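Below is one structure; the comments refer to it alone.
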Amino acid sequence: MALEHDRLLDETGWEILELLQQDARVPFSELGRKVGLSAPAVAERVRRMEDAGIITGYRAQVNLQALGYAMTAIIRLSSPAEKCTLAGHKLAELPEVLEAHRVTGEDSWVVRVAVRSVEHLERLINQINLYGDSNTAIVLSSAVTQRVISKPKEQATTPRR
């Protein structure tokens, strides 16, 4: 699998991948123009990246505030072992949960949620607290909301003496 990924992620493959992350709706003809390939060649490379599991999907980004979700918060949940799996199932069911990550350390879960108000957040915390102790931080602003994954820079090797 690694060999297939290496073949697909040559310089051109990485360039295509970066452009698609910036705008998944860019036409293959424009992608081809930017990377120096024909539209059918780009379409084939994208299809192969999808088949290899490198590209796993496409989605629309939405403005949460425009949808009435005025607040975003990060909730850290510490669940006792016997409730941890149940907590994961509950988090997956809650529509306010944007992301839920099982983590190591003192916390069991780190969860990003979107809510309409402080009262909405309080109701949500009350539901989550059935599965453990939580600590909540309201997001004031975000320096990075989505990062384009670029080709890793090659590590400079220092010759051994």
Side-chain angles (χ1 to χ4, degrees), residues 1-67 69 71-79 81-115 124 127-128 131-132 134-137 139 141-158:
M1 183 62 87
L3 183 61
E4 174 68 9
H5 284 192
D6 289 345
R7 268 197 321 235
L8 293 171
L9 293 176
D10 60 4
E11 289 296 324
T12 302
W14 271 106
E15 213 174 331
I16 292 169
L17 192 58
E18 289 176 21
L19 291 165
L20 283 174
Q21 288 176 87
Q22 292 167 17
D23 180 6
R25 294 181 63 173
V26 63
F28 289 140
S29 58
E30 187 176 334
L31 270 176
R33 185 179 51 73
K34 289 182 176 182
V35 300
L37 294 175
S38 68
V42 168
E44 176 61 20
R45 288 185 79 134
V46 169
R47 185 197 58 75
R48 288 189 357 237
M49 282 191 264
E50 292 168 347
D51 291 347
I54 295 168
I55 297 174
T56 58
Y58 303 87
R59 65 185 186 97
Q61 288 181 284
V62 297
N63 179 338
L64 291 170
Q65 289 187 340
L67 297 174
Y69 293 92
M71 295 172 50
T72 303
I74 306 296
I75 301 173
R76 296 182 1 244
L77 177 65
S78 296
S79 294
E82 66 274 6
K83 290 188 176 182
C84 198
T85 300
L86 289 173
H89 293 302
K90 180 63 175 180
L91 293 168
E93 292 174 1
L94 294 169
E96 299 91 346
V97 173
L98 303 174
E99 298 176 46
H101 304 280
R102 179 77 165 91
V103 297
T104 61
E106 291 181 25
D107 298 321
S108 306
W109 294 93
V110 175
V111 184
R112 186 170 68 95
V113 301
V115 293
L124 181 62
Q127 289 180 351
I128 291 173
Y131 300 91
S134 67
N135 186 312
T136 303
V139 175
S141 64
S142 300
V144 178
T145 58
Q146 183 178 356
R147 182 174 308 276
V148 171
I149 304 300
S150 299
K151 180 180 180 186
K153 294 186 180 8
E154 298 301 321
Q155 296 288 333
T157 57
T158 307

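This structure is a prediction, so every number in the text was calculated from the model and none was measured. The analysis underlying the following values was restricted to heavy atoms, covering all of them including side chains, and did not include hydrogens, waters or symmetry mates.
- Here CZ of Phe28 is found 9.0 Å from CD1 of Ile16. Values are rounded to the nearest 0.5 Å.
- Rounding to the nearest 0.5 Å gives a distance of 6.0 Å between CG of Leu91 and CG of Leu94.
- Rounded to the nearest 0.5 angstrom, Glu96 CD and Thr72 OG1 are separated by 12.0 Å.
- To the nearest 0.5 angstrom, Ile75 atom CD1 is 12.0 Å from Arg112 atom CZ.
- When side chains are defined from C-beta on, Ser108 counts as touching Arg102, because their heavy atoms get closer than 4.5 Å.
- Side-chain atoms of Gln21 come within 3.5 Å of backbone N or O of Leu17 as a donor-acceptor pair.
- Looking at Arg47 and Glu44, a side-chain N of the basic residue comes within less than 4.0 Å of a carboxylate O on the acidic one, giving a salt bridge.
- Taken to the nearest 0.5 Å, the CE atom of Met49 stands 6.5 Å off from the CD1 atom of Ile54.
- Here the side chains of Lys34 and Leu19 are in contact, with some heavy-atom distance below 4.5 Å.
- Other residues, nucleotides and ligands place more than 12 heavy atoms under 6.0 Å from the CD atom of Gln22.
- The shortest distance between side-chain heavy atoms of Leu37 and Arg45 falls below 4.5 Å.
- Pairing each heavy atom of Ile149 with each of Glu18, the nearest pair is O-CG, 3.7 Å.
- A salt bridge does not link Glu15 to Lys151: none of the charged side-chain nitrogens sits closer than 4.0 Å to a carboxylate oxygen.
- Put simply, the side chain of Ser38 gets close to the backbone of Ala41: a donor and an acceptor are under 3.5 Å apart.
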Between Val46 and Leu20, is a side-chain contact (heavy atoms from CB on, under 4.5 Å) present by the stated rule, with each step listed? CA-CA 9 Å; Val46 169; Leu20 283 174; 3.8 Å; yes

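- The neighbour count for Glu82 CD, taken as heavy atoms of other residues, nucleotides or ligands under 6.0 Å away, is above 12.
- Put simply, the side chain of Ser79 never gets that close to the backbone of Cys84: no donor and acceptor are under 3.5 Å apart.
- Ala114 and Leu64 make their closest contact through CB-CD1, 4.0 Å (heavy atoms, listed as atom of the first residue, atom of the second, distance).
- The closest side-chain heavy-atom distance from Thr136 to Ile74 is not below 4.5 Å.
- Annotation: the span from Leu77 atom CG to Asn135 atom CG amounts to 10.5 Å, rounded to 0.5 Å.
- Looking only at distances, no side-chain donor or acceptor of His101 sits under 3.5 Å from a matching main-chain atom of Trp109.
- The two residues Trp14 and Pro152 come nearest to each other via the heavy atoms CZ2-CD, 3.7 Å.
- Minimum heavy-atom separation, Val42 to Gly32: CG2-CA, 3.4 Å.
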